[in-house]
Amino acid sequence: MADDVFDVINPATEETVASVPMASAAEVDAAVRRAAAAYPSWRAVAPGDRARQLRRFAEVVDAHTDELAALEVAEAGHPVGNARWEVGNLRDVLHYYAGAPERLTGRQIPVPGGIDVTFQEPLGVVGLIVPWNFPLPILGWGLAPALAAGNTVVAKPAELTPLTALRVAELALEAGLPEGVFQVLPGRGTEAGRALVDHELVRKIVFTGSTAVGKEIMARAAGGVKRVTLELGGKSANIVFADADLEKAAAAAPMSFCDNTGQDCCARSRILVQRGAYDRFLELLEPHILAVRAGDPNDPATEMGPLVSAAQLDRVRGYVTDDAPVAIRGTVPSGKGFWYPATVLTPADPLDRTVTDEIFGPVTAVIPFEDEDDAVRIANATVYGLAGSIWTRDIGRALRVSRGVEAGNLSVNSHSSVRYWTPFGGFKQSGLGRELGPDALAAFTETKNVFIGTE
Ligand code: NAD
């Protein structure tokens with residue numbers, strides 16, 4: 001029996017789903033050594049064979065959609081429709097990067113006296129540190145390009161949500177991936193997470209989570225000059241101009257900050273509305289907030305589940321205190337579960353901490369602005385820079401404001417932020433590097449230059 005066990009709690013029922021042993025630093029060391037031992041032969045697999053193995057892995061994941069979605073519902077409280085989308089995202093990202101091995105080519109560069117060629121080589125063992133908010137997709141975003149490029153992977157899921165990742169590791173073996181190529185070790189951040197970051201055989205860390213932990217990881221990785229990809233917090237602005245289709249913007253707004261119960265790094269947790277449209281926008285927003293269907297995650301009609309944990313509920317309550325300027329509040333079930341309603345605040349102070357901090361709950365602050373410059377200034381008045389939306393009918397304005405906002409992922413007249421074939425990542429303290437799309441592959445390889453003298 002392991003000394004350290006973590007109880008996984010169903011956030012909708014507060015029942016214990018499983019008790020999971022937490023890996024020690026010694027177990028992380030053993031897993032990294034297995035990954036290092038598996039690396040030379042995985043790297044040497046012919047590109048077409050590696051592609052086939054990833055496709056097979058994707059198909060096995062797909063065949064287990066019901067089971068993986070049920071686990072995600074149980075450990076994270078996600079509505080079942082969302083959970084099924086998450087499994088599909090993992091499948092799709094595996095398929096997408098299965099197209100990479102044969103295309104990962106170098107260059108030939110003209111030089112005098114010989115031939116100069118470059119090779120794109122894998123790094124070795126990659127450590128993935130995964131958060132609890134999107135356990136399956138975020139696992140896949142690191143795993144798929146890392147494996148496609150010929151690296152081996154040790155993943156540490158979040159304490160709260162290890163069950164889906166553990167099952168995916170079993171499915172990888174069922175799909176025929178060799179032992180040691182992909183391992184999952186549940187563990188605490190401060191023990192297993194740190195051990196992975198510090199391990200001398202780990203060449204790169206991919207981390208998604210809080211900015212505070214991201215800073216620590218970056219500092220620790222400096223010791224071994226490890227590569228890092230960091231996807232951190234956000235406080236993204238949803239900018240609504242008076243010339244926009246206000247009804248459409250208001251109808252779309254709730255899910256821009258309530259999707260995944262607001263536990264989304266891209267959540268539009270600030271809505272900036274041009275002053276002339278401010279009152280009208282709030283009026284239009286209200287019925288849509290009241291219509292957010294929060295309830296049993298197993299009901300396919302449910303749009304919003306509970307928060308992930310009692311601690312996360314306390315955190316959100318700590319921000320929305322009794323004297324908070326609540327303009328609109330939705331409804332949630334009573335009784336067991338870590339429920340928090342969709343909440344719209346109208347703080348008078350633009351530097352209120354509900355406007356500056358990542359709350360990570362279904363809470364947004366609506367604040368007025370005067371003109372384009374003012375909108376860009378307010379949108380950028382944060383240490384974060386992950387995502388944002390711009391609602392306007394003026395294409396020139398949409399482009400000017402898109403160029404002005406310091407964020408990695410912007411959408412015009414939409415809240416869509418993530419597609420697995422386009423680059424995703426943050427400016428400023430929202431992160432370092434890009435995931436997804438073709439850009440991510442470069443982050444899992446080194447470029448080697450070889451000169452062959454011909455004289
Ligand atoms: P966290 O950053 O502490 O945890 C994320 C992952 O990092 C987990 O796997 C955790 O075990 C691991 N970890 C924690 N400390 C570590 C360390 N010192 N070294 C290595 N790994 C470590 O996030 P949290 O505590 O679960 O959530 C706190 C807040 O972080 C949330 O309320 C939210 O604001 C933010 N958050 C953001 C994201 C995001 O996607 N941007 C995801 C999760 C949490």
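Nothing here was measured: the structure is a model prediction, and the numbers come from that model. Numbering of ligands and ligand atoms starts at 1, following listing order.
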Peer 1: Are the side chains of V154 and V202 in contact, using a 4.5 Å heavy-atom criterion?
Peer 2: no
Peer 1: Quick check: does T208 get an N/O under 3.5 Å from an N/O on ligand 1?
Peer 2: no
Peer 1: For atom CZ of R434, decide whether the heavy atoms of other residues, nucleotides or ligands shown that lie under 6.0 angstrom number more than 12.
Peer 2: yes
Peer 1: With the threshold set at 4.0 Å, does a side-chain nitrogen-carboxylate oxygen contact exist between K336 and E15?
Peer 2: no
Peer 1: Can you sort out which atoms of ligand 1 are near G193, meaning under 4.0 Å from one of its heavy atoms?
Peer 2: 20 (C), 21 (N)
Peer 1: Measure the distance from atom 11 (O) of ligand 1 to every protein heavy atom, then report the residue, atom name and distance (to 0.1 Å) of the closest one.
Peer 2: E159 OE1, 2.6 Å
Peer 1: In terms of residue, atom name and distance, what is the protein heavy atom nearest to atom 3 (O) of ligand 1?
Peer 2: V213 CG2, 3.6 Å
Peer 1: Go through the steps to decide whether V363 and Y340 satisfy the test side chain to side chain contact (heavy atoms under 4.5 Å, CB included), and finish with yes or no.
Peer 2: CA-CA 9 Å; V363 179; Y340 198 85; 4.0 Å; yes
Peer 1: Could an N or O of ligand 1 be found under 3.5 Å from any N or O of E358, whether backbone or side chain?
Peer 2: yes
Peer 1: Looking only at distances, please establish whether an N/O atom of ligand 1 is found under 3.5 Å from an N/O atom of V130.
Peer 2: yes
Peer 1: Apply the test side-chain hydrogen bond (donor to acceptor under 3.5 Å, both in side chains) to residues W141 and N89: give CA-CA distance (whole Å), side-chain angles for both, the deciding distance (0.1 Å), then the verdict.
Peer 2: CA-CA 9 Å; W141 300 356; N89 184 271; 2.9 Å; yes
Peer 1: I want to confirm something. Looking only at heavy atoms, which of A155, G189, P162 is nearest to atom 22 (C) of ligand 1?
Peer 2: G189
Peer 1: Less than 3.5 Å between some nitrogen or oxygen of R315 and one of ligand 1, yes or no?
Peer 2: yes
Peer 1: Counting only heavy atoms not in E67, do more than 12 fall under 6.0 Å of its CD?
Peer 2: yes
Peer 1: What protein heavy atom lies closest to atom 40 (O) of ligand 1? Include the residue and the distance to one decimal.
Peer 2: N133 ND2, 3.2 Å
Peer 1: So V308 and N133, do their side chains get closer than 4.5 Å, heavy atoms only?
Peer 2: no
Peer 1: For atom 25 (O) of ligand 1, is some protein heavy-atom partner under 4.0 Å away?
Peer 2: no
Peer 1: Looking only at protein heavy atoms, which one is nearest to atom 12 (C) of ligand 1, and what is the separation?
Peer 2: I129 CG2, 3.6 Å
Peer 1: For Q312, counting its heavy atoms only, list the atoms of ligand 1 lying under 4.0 Å from any of them.
Peer 2: 32 (O)
Peer 1: Strictly under 4.0 Å, does any heavy atom of F134 approach an atom of ligand 1?
Peer 2: no
Peer 1: Please evaluate residues V213 and I129 with respect to the criterion side chain to side chain contact (heavy atoms under 4.5 Å, CB included), reporting the C-alpha separation (whole Å), side-chain torsions for both, the decisive distance (0.1 Å), and the verdict.
Peer 2: CA-CA 11 Å; V213 173; I129 300 182; over 6 Å; no
Peer 1: State which residue, out of S236, S389, S256, fulfils the side chain to side chain donor-acceptor pair (under 3.5 Å) condition with R268.
Peer 2: S389
Peer 1: In the protein, what heavy atom is nearest to atom 31 (C) of ligand 1, and what distance, to one decimal place, separates them?
Peer 2: F360 CD2, 3.7 Å
Peer 1: What's the separation between atom CG in L94 and atom CZ in R55, rounded to the nearest 0.5 Å?
Peer 2: 11.5 Å
Peer 1: Name the option, out of Y384, F207, W132, that contains the heavy atom nearest to atom 6 (C) of ligand 1.
Peer 2: F207
Peer 1: For a side-chain hydrogen bond (donor to acceptor under 3.5 Å, both in side chains) check, start with the C-alpha distance between E435 and T229, then their side-chain angles and the critical distance, and finish with the verdict.
Peer 2: CA-CA 8 Å; E435 297 195 281; T229 295; over 6 Å; no
Peer 1: Heavy-atom distances under 4.0 Å decide this one: backbone, side chain, both or neither, for L232 against ligand 1?
Peer 2: backbone
Peer 1: Which atoms from ligand 1 have a heavy atom of C265 less than 4.0 Å away?
Peer 2: 39 (C), 40 (O), 41 (N)
Peer 1: For atom 28 (C) of ligand 1, what's the nearest protein heavy atom and its distance?
Peer 2: S210 CB, 4.5 Å
Peer 1: Judged by non-hydrogen atoms, does R220 sit under 4.0 Å from ligand 1?
Peer 2: no
Peer 1: Students should be able to answer this: which protein heavy-atom is nearest to atom 43 (C) of ligand 1, and at what distance?
Peer 2: P131 CB, 3.6 Å
Peer 1: Looking only at distance, does E216 have an N or O less than 3.5 Å from an N or O of ligand 1?
Peer 2: yes
Peer 1: Between atom OG1 of T211 and atom NZ of K428, what is the distance when rounded to the nearest 0.5 Å?
Peer 2: 11.5 Å
Peer 1: Can you give me the closest heavy-atom contact between M304 and A342, atom names plus distance?
Peer 2: CE-N, 3.9 Å
